[in-house]
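Working notes, structure below.
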Amino acid sequence: MLSEPRSGRLAAWGNALLAGLVSPDDAALAIVGSDAVHRVEGLPGESAPVGLTLALGRLRALGASGLRVALPAPGHPLGLSGPPEFNARALEAEEAVVCHGAALGLVPEVYEAGPAGDVHVEVVWHCLPVREAPPADVPSLGEAERELAEALRDATTVLSRLDVAGSGPVAEAAVEAYRARAEAGREMLAPGYPPRAVRVLELAQRVGLLVSLAYENGHGGAVSASEMGARVAALRPVERTGRRAQVAAYNAYVEERER
């Protein structure tokens with residue numbers, strides 16, 4: 001969870017476009033980010049893949065009034081509502097976007113080519129039917145904020161005791177890179193999102209950083225089987241809570257419109 005999910009960028013800037021807060025070109029540019037190009041395949045009424053600006057306009061014409069994010073993992077269909085075919089594609093990609101107001105969803109497929117440091121990335125969003133039902137296991141912003149604070153406190157205590165929190169030059173560099181990114185790009189969400197959603201997303205990404213560093217640093221000081229089991233047991237609910245909070249933050253725009 002160190003990097004921003006593509007589904008988050010698509011939902012956030014797509015919502016801003018649907019609300020008339022940004023231009024189609026600005027939304028497309030923000031969604032593509034550092035990738036080379038994004039296309040949408042399988043849109044109703046389109047026989048071939050189309051660009052993002054046309055795709056977002058088409059979704060609006062089909063009734064989409066907002067976009068939600070799903071970040072599922074094995075055993076945790078977070079943000080999904082079915083059918084099984086869409087859920088399976090989303091689980092394989094570990095993310096998806098679900099339209100509010102239109103029974104459609106988008107799942108990214110990423111194509112990479114080129115040497116390290118000069119990778120050309122193209123993304124094809126597959127448009128598929130979805131079931132119009134409440135998304136699975138998505139908390140409110142308030143719930144997400146409370147859960148994050150509790151999970152981070154509990155996990156930090158356990159991980160510190162086992163000496164498995166991020167340490168060393170690689171971990172320090174990752175923390176500094178996160179801080180620099182946060183300072184350089186304060187607009188973590190697109191225009192139209194409430195400030196609380198930004199706070200929750202920032203904290204969720206910090207939680208994701210902690211979990212990633214702990215996993216990437218091997219077993220740390222956890223040398224016995226019981227200590228390694230405690231480490232995994234401490235990390236798993238934190239990672240789950242962080243994903244739930246990210247989804248709550250990205251989906252806050254639609255939740256507010258529904259109220």
Side-chain angles (χ1 to χ4, degrees), residues 4-20 24 27-28 30-33 35 37-111 121-140 190 192-193 240 243-244 246-259:
E4 182 182 23
R6 289 181 173 89
S7 56
R9 294 204 307 268
L10 176 57
W13 289 91
N15 283 331
L17 175 61
L18 292 172
I31 293 167
V32 171
D35 298 333
V37 65
H38 284 215
R39 297 185 180 88
V40 179
E41 179 270 336
L43 269 173
E46 299 291 341
S47 59
V50 300
L52 281 173
T53 53
L54 176 58
L56 289 169
R58 175 73 69 184
L59 289 174
R60 175 159 47 192
L62 291 168
S65 58
L67 302 174
R68 286 190 172 105
V69 168
L71 297 177
H76 189 204
L78 176 61
L80 299 176
S81 57
E85 294 81 4
F86 181 81
N87 287 6
R89 292 286 292 267
L91 181 58
E92 183 178 0
E94 299 182 339
E95 60 177 314
V97 171
V98 179
C99 296
H100 177 67
L104 295 169
L106 303 163
V107 179
E109 186 171 3
V110 181
Y111 300 90
V121 179
E122 295 189 8
V123 179
V124 175
W125 293 89
H126 297 279
C127 185
L128 303 164
V130 298
R131 182 179 299 137
E132 294 186 279
D137 199 35
V138 178
S140 68
Y193 276 83
R240 184 186 182 103
R243 282 189 300 108
R244 275 167 49 85
Q246 280 205 69
V247 171
Y250 285 120
N251 292 3
Y253 173 84
V254 174
E255 302 306 325
E256 284 215 339
R257 283 182 62 91
E258 285 189 325
R259 288 200 298 268

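Values reported hereafter were calculated over all heavy atoms of this structure, with side chains retained and with hydrogens, waters and symmetry mates removed.
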* Asked: Given L67 and V254, is the side chain to side chain contact (heavy atoms under 4.5 Å, CB included) satisfied, shown in steps?
  -> CA-CA 7 Å; L67 302 174; V254 174; 5.6 Å; no

* R240/D137 under side chain to side chain contact (heavy atoms under 4.5 Å, CB included): CA gap, chis, key distance, verdict -> CA-CA 11 Å; R240 184 186 182 103; D137 199 35; 4.0 Å; yes

* Asked: For N15 and Y193, what are the C-alpha separation, side-chain angles and deciding distance, and is it a side-chain hydrogen bond (donor to acceptor under 3.5 Å, both in side chains)?
  -> CA-CA 9 Å; N15 283 331; Y193 276 83; 3.0 Å; yes

* Give the C-alpha distance, both sets of side-chain angles, the deciding distance and a yes or no for side chain to side chain contact (heavy atoms under 4.5 Å, CB included) between R58 and V50. => CA-CA 10 Å; R58 175 73 69 184; V50 300; over 6 Å; no

* Carefully, step by step, assess V138 and R68 under the rule side chain to side chain contact (heavy atoms under 4.5 Å, CB included). => CA-CA 10 Å; V138 178; R68 286 190 172 105; over 6 Å; no

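In this structure, F86 CZ and L106 CG are separated by 7.0 Å, a value rounded to the nearest 0.5 Å. The distance from the CD atom of Q246 to the CG atom of L78 is 9.5 Å, given to the nearest 0.5 Å. With rounding to the nearest 0.5 Å, the separation of CG in L59 from CG in L17 is 10.0 Å. Rounding to the nearest 0.5 Å places CG of L52 at 5.0 Å from CD1 of I31. The CG atom of L128 sits 5.5 Å away from the CZ atom of R89 when rounded to the nearest 0.5 Å.
The shortest heavy-atom contact between A190 and A12 is CB-O, 3.3 Å. P5 and Y250 get closest at one heavy-atom pair: CD-OH, 3.7 Å. Pairing each heavy atom of S140 with each of A248, the nearest pair is O-CB, 4.2 Å. The shortest heavy-atom contact between P129 and P83 is O-CD, 3.5 Å. Between V98 and G79 the shortest heavy-atom distance is CG2-O, 4.3 Å. Nearest heavy-atom pair, R131 versus S81, reported as atom, atom and distance to 0.1 Å: O-OG, 2.8 Å.
For CD of E109, the number of neighbouring non-hydrogen atoms (other residues, nucleotides, ligands) closer than 6.0 Å is greater than 12. Around CD of E94, the count of heavy atoms belonging to other residues, nucleotides or ligands within 6.0 Å does not exceed 12.
One N or O on the side chain of E95 and one on the backbone of R6 form a donor-acceptor pair closer than 3.5 Å. S7 places no side-chain N or O within 3.5 Å of a backbone atom of V97 that could act as its donor or acceptor partner. Without hydrogens or angle criteria, R243 side chain to L71 main chain gives a donor-acceptor distance under 3.5 Å.
Residues L104 and P44 meet the side-chain proximity criterion, which asks for heavy atoms closer than 4.5 Å. Within the 4.5 Å cutoff, the side chain of L18 has no heavy atoms near those of the L56 side chain.
For S65, the side-chain contact (heavy atoms from CB on, under 4.5 Å) partners are H100, R257, not counting sequence neighbours.
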